Amino acid sequence: MAPRAYWKGSLKLSLVSCPVALYPASTSVEKTRFHMINKETGNRLKQQMVDSETGDVVEGDQKGRGYELRKGEYVEVEKDELEAVQIESNHTIDIDGFVPRDEIDKRYLDHPYYIVPDGKAGIDAFAVIRDAMKDQDRVALACIVLTSREHVIAIEPLGKGLLGTTLRYPYELRDADDYFDGIKSPKISKDMIELASHILDSKAAHFDPTKFKDEYETALKSLVRRKAAGKPVKAAEREEKPDNVVSLMDALQQSLKGKGSAKRAHSSARRTTHRPAKKAHRSAARARKAS
């Protein structure tokens, strides 16, 4: 069964437009989830909205939205009043411009979506926009309304389709200086930097998400299986942290030494493998000369 589109509308580049559909590119369906239950009956619990002052349960038709003006004082906003706030990008992704890909600060990246043609009518226009973008190492910026909120969305080609990533607004980001200003600037020797660089080189690799393993999720699934089968569950023993304090330079040298030892052992094994062959070759040559 095909997933349901999260949003449908039009993708527009100047006078060229085509109908498109958005699908969330990520999912949390596979993650293990727990429900609150009554331990005595085993029944699932349900939440209820309760008036903070009277303690009475509030039914669905009594629930509304309110914005807090002052402590404990709210202005009520009706659903039809929210719907009256019409935004032009409600059903259109109108590309405003294109920016270099490397200029987008990664902190602004929010949620990814797959953008695909919606029906056969706009496939040609969709392909024109997609292929034109492939020739430019730039990302399109546009606005889109999702769940009654306007978002900036960055759009770029991905295979046969497009990838749209909603971006956070500046007011949603915390100022890094509030966290980094307190970091001291100690004097680090050049030798330490060089040792650390060697360690980094020894661990150089390529990005491969297939190697990412969610160990906690695996442990949760194992726990649930054991409990469902009536098997005992033992708490894992925590590793004791070593008390010995190792200096930063010693730690760097030992880290590099571990890598170096492995390389030396490997090269030594290779040399050991070839020596007997050379010795046997020389012995055979002497025997032929003597005869």
Side-chain angles (χ1 to χ4, degrees), residues 25-32 99-114 134 136-139 154 156-159 163-168 173-223 234-282:
S26 60
T27 178
S28 58
V29 172
E30 297 299 322
K31 284 191 175 292
T32 300
V99 299
R101 186 192 307 272
D102 57 4
E103 285 189 6
I104 299 180
D105 188 329
K106 289 181 173 59
R107 291 175 298 173
Y108 285 89
L109 301 177
D110 197 5
H111 297 296
Y113 295 90
Y114 295 135
K134 284 183 178 179
Q136 304 286 332
D137 190 26
R138 287 176 176 262
V139 176
E156 56 189 310
L158 180 66
L163 175 68
T165 306
T166 53
L167 303 179
R168 298 181 177 93
L173 287 183
R174 291 173 173 170
D175 190 347
D177 291 340
D178 293 341
Y179 302 89
F180 297 162
D181 277 352
I183 299 177
K184 305 298 181 183
S185 298
K187 291 184 178 180
I188 303 297
S189 69
K190 186 179 178 181
D191 291 341
M192 286 187 179
I193 301 298
E194 289 179 351
L195 282 171
S197 296
H198 287 310
I199 296 172
L200 264 62
D201 289 339
S202 70
K203 292 182 175 291
H206 292 284
F207 179 73
D208 183 5
T210 60
K211 293 183 178 179
F212 297 168
K213 305 297 180 186
D214 191 341
E215 301 293 347
Y216 183 68
E217 180 67 21
T218 301
L220 279 179
K221 283 184 167 59
S222 176
L223 167 66
K234 294 182 179 179
E237 294 183 4
R238 296 194 177 189
E239 292 185 16
E240 293 185 5
K241 294 183 179 180
D243 295 330
N244 58 317
V245 179
V246 181
S247 71
L248 179 56
M249 178 58 87
D250 287 343
L252 289 168
Q253 289 174 337
Q254 288 176 23
S255 297
L256 190 62
K257 186 178 179 182
K259 289 289 179 183
S261 298
K263 288 182 179 179
R264 285 195 296 272
H266 180 65
S267 59
S268 175
R270 290 177 62 186
R271 288 196 299 270
T272 304
T273 304
H274 291 299
R275 279 174 185 167
K278 290 181 180 179
K279 186 180 279 187
H281 180 72
R282 287 197 298 268

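Since the structure is predicted, the reported quantities are computational estimates derived from the model, not experimental observations.
With a 4.5 Å cut-off on side-chain heavy atoms, Asp110 and Thr165 do not count as touching. Contact check for Lys213 versus Thr218: no side-chain heavy atoms found under the 4.5 Å cut-off.
For Arg138, there are no side chain to side chain donor-acceptor pair (under 3.5 Å) partners, not counting sequence neighbours. For Asp105, the salt bridge (charged side-chain N to carboxylate O under 4.0 Å, His left out) partners are Arg107, not counting sequence neighbours. In this structure, Gln136 has no side chain to side chain donor-acceptor pair (under 3.5 Å) partners at least two apart in sequence or on a different chain.
For the atom pair NZ (Lys134) and CG (Leu158), the distance works out to 9.0 Å, reported to the nearest 0.5 Å. The line from NZ of Lys190 to OG of Ser197 is 11.0 Å long, rounded to the nearest 0.5 Å. Interatomic distance, OG1 of Thr166 versus OH of Tyr113, reported as 5.0 Å (0.5 Å rounding). Remark: Leu195 CG to Gln254 CD distance equals 11.5 Å, nearest 0.5 Å. Atom CG of Leu248 sits about 10.0 Å away from atom CD of Gln253, to the nearest 0.5 Å.
Here the shortest heavy-atom pairing between Glu217 and Glu30 reads OE2-O, 3.4 Å.
Looking at Ser222, its side chain never comes within 3.5 Å of a backbone N or O of Ala219 through a donor-acceptor pair.
Atom OH of Tyr108 is surrounded by more than 12 heavy atoms from other residues, nucleotides or ligands within 6.0 Å.
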